[in-house]
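Encoded as structure tokens, the structure appears first; notes follow it.
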Amino acid sequence: NTGASTSGTGLWAVSRTASGTLRIEKNGVLVADETTASQAVTNAGFTVCYGNGYYAGEVACAFVGGGLTVAQMGALWQSINTYMVVVGAA
């Protein structure tokens with residue numbers, strides 16, 4: 001589940017808003033609402049940017065948490081974007 005994008009640059013965030021619904025956003029804007037069945041969490045490590053091999057690019061930020069509301073997703077994006085601008089990374 002990735003939604004459509006012409007560029008991987010930006011803050012991608014996915015929030016499970018209900019047991020079968022995922023909200024995918026990029027830079028605080030809705031990219032897709034997807035329906036997918038939830039599954040039990042496995043006892044395994046969490047890996048960032050791994051699909052068919054490790055990502056060779058740069059990752060400036062990664063986070064994991066509970067499902068966020070639309071307002072919380074917007075506030076998270078704004079906070080991270082402000083920080084990245086202040087430190088010269090955006």
Strictly distance-based, threshold 3.5 Å: is any side-chain N or O of Ser15 a donor or acceptor partner for the main-chain N or O of Arg23? no
Smallest heavy-atom separation, Ala37 atom then Arg16 atom, equals O-NH2, 4.0 Å
Euclidean distance, Phe63 CZ relative to Leu76 CG, rounded to 0.5 Å: 4.5 Å
Could you tell me which non-hydrogen atom of Gln72 sits nearest to which non-hydrogen atom of Gly67, and how far apart they are? OE1-O, 4.2 Å
Euclidean distance, Gln78 CD relative to Leu11 CG, rounded to 0.5 Å: 11.0 Å
Which atom pair, heavy atoms only, marks the closest approach of Gly10 to Lys26? CA-CE, 4.4 Å
I need the single residue from Val29, Thr82, Asn27 that forms a side chain to side chain contact (heavy atoms under 4.5 Å, CB included) with Trp77. Which is it? Asn27
Please say yes or no: joined through hydrophobic side-chain contacts below 4.5 Å, possibly via intermediate residues, are Val70 and Trp12 part of one cluster? no
Can you hop from Leu30 to Ile80 via hydrophobic side chains spaced under 4.5 Å? no
